[in-house]
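One structure is given below, encoded as structure tokens.
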Number of protein chains: 2
Amino acid sequence: MGIIRKTKTVEILLNEFNKNEVAISAKKLIDSLGNTINKTTIYRVLDKLEDDGVLHSFLGKDGLKWYAKCNGCSSSKHTDMHPHFQCLSCGKVDCISTNVVLPNIPNRQIEFSQLLIQGKCEVCCA
Amino acid sequence: MGIIRKTKTVEILLNEFNKNEVAISAKKLIDSLGNTINKTTIYRVLDKLEDDGVLHSFLGKDGLKWYAKCNGCSSSKHTDMHPHFQCLSCGKVDCISTNVVLPNIPNRQIEFSQLLIQGKCEVCCA
DNA sequence: TTTGTTACTGCAACTAAGTTGCGTTATATT
DNA sequence: AATATAACGCAACTTAGTTGCAGTAACAAA
Ligand SMILES: [Mn+2]
Ligand SMILES: [Mn+2]
Ligand SMILES: [Zn+2]
Ligand SMILES: [Zn+2]
């Protein structure tokens, strides 16, 4: 069940994701907005935005939950699948707009896949 | 720092991984061996076996930590990288012995990657 | 076989991300 | 303005994993 009412929290969170095309962890949002918005509310709104196809989520290298904006998804179709890149130096995570070539696995039916690539980002490389 | 003394716990845990070529989550090991071995000890021995290159670890779809036997690794070189498959029906996880073709990402230096494929395993497919 | 060193173990207490229940507040509809 | 109920804040909870420390056991030396 997604978002029905345009509340202050929804607006603030969407703002965070709009001001920069980068993924944000739930923890980071709580750290930065936690004295304005209750953490339970943050988790619940993120969850609803994901249901609506506005955001998608994935797990970073430590198992933390990250969110980023979707491209062309809606509440009925969530099709924006892609790898993510996490910088081991600065911690930044972003979406990689490439299709992953999955290995051939006999006798198994693939439904999802998640690829997390780790290394140095373009800033930390230079 | 790896394992120095061949203790009962080490033997029991290695046994678990030897009797079946499948990945096992730390949680599962605690559930099944927790009244014989303390969970702290289980976590610590798994950690050391990983240092030694006997086991490798990765995160499953819920962020739980899984372990599986390494092939050709040692304490000095941990090179057995490969994707993992988690069955969404029965929960089984296993190692896929295939090299992953990583997408081309400009201006970034790749150090690791982890690919988790989800779907139905060979048993649950039939 | 006994002794001594210290790696390993068990326990209890802790950490931290995420969840749940419930009473209150605010949005949107009439 | 009155009403319905989605959304919120708070506190308490859940759970995988960690930490500190005192006691135990593996292993080598005597
Ligand atoms: Mn993404
Ligand atoms: Mn594996
Ligand atoms: Zn970086
Ligand atoms: Zn299965």
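Keep in mind that the numbers below use all heavy atoms, side chains included, and drop hydrogens, waters and symmetry copies. Here is the naming used below: chain letters follow the sequence lines, and residue numbers restart at 1 for every chain.
- A:I37 comes within 4.0 angstrom of sugar-phosphate atoms only, judged by non-hydrogen atoms across all strands, and of no base.
- Between the side chains of A:Q114 and B:Q114, no donor-acceptor pair is found at a separation under 3.5 Å.
- Taking atom CD1 of B:I4 as the reference point, atom P of C:dT9 lies 12 Å away to the nearest angstrom.
- Nearest-nucleotide assignment on DNA chain D puts the 5′-proximal partner with A:N38, out of B:K65 and A:N38.
- For D:dG17, its base never sits under 3.5 Å from the side chain of B:R44 at any donor and acceptor pair.
- Counting to the nearest Å, the P atom of C:dT9 and the CD1 atom of B:I3 are 8 Å from each other.
- Between the side chains of A:H78 and A:D80, not a single donor N or O lies within less than 3.5 Å of an accepting N or O.
- Atom CD1 in B:I12 sits roughly 14 Å away from atom C1' in C:dG10 (whole-Å rounding).
- Here the closest heavy-atom approach between residue B:Y67 and residue B:F17 is recorded as O-CE2, 3.2 Å.
- The interatomic distance linking A:D62 (CG) with D:dG17 (C1') rounds to 13 Å, in whole Å.
- Taking atom NZ of residue A:K39 and atom P of nucleotide D:dC10, one finds them 12 Å apart after rounding to whole Å.
- Taking atom CE on B:M1 and atom C1' on C:dA7, their separation rounds to 8 Å, with Å as the unit.
- Taking atom CG of A:D47 as the reference point, atom P of C:dT19 lies 7 Å away to the nearest angstrom.
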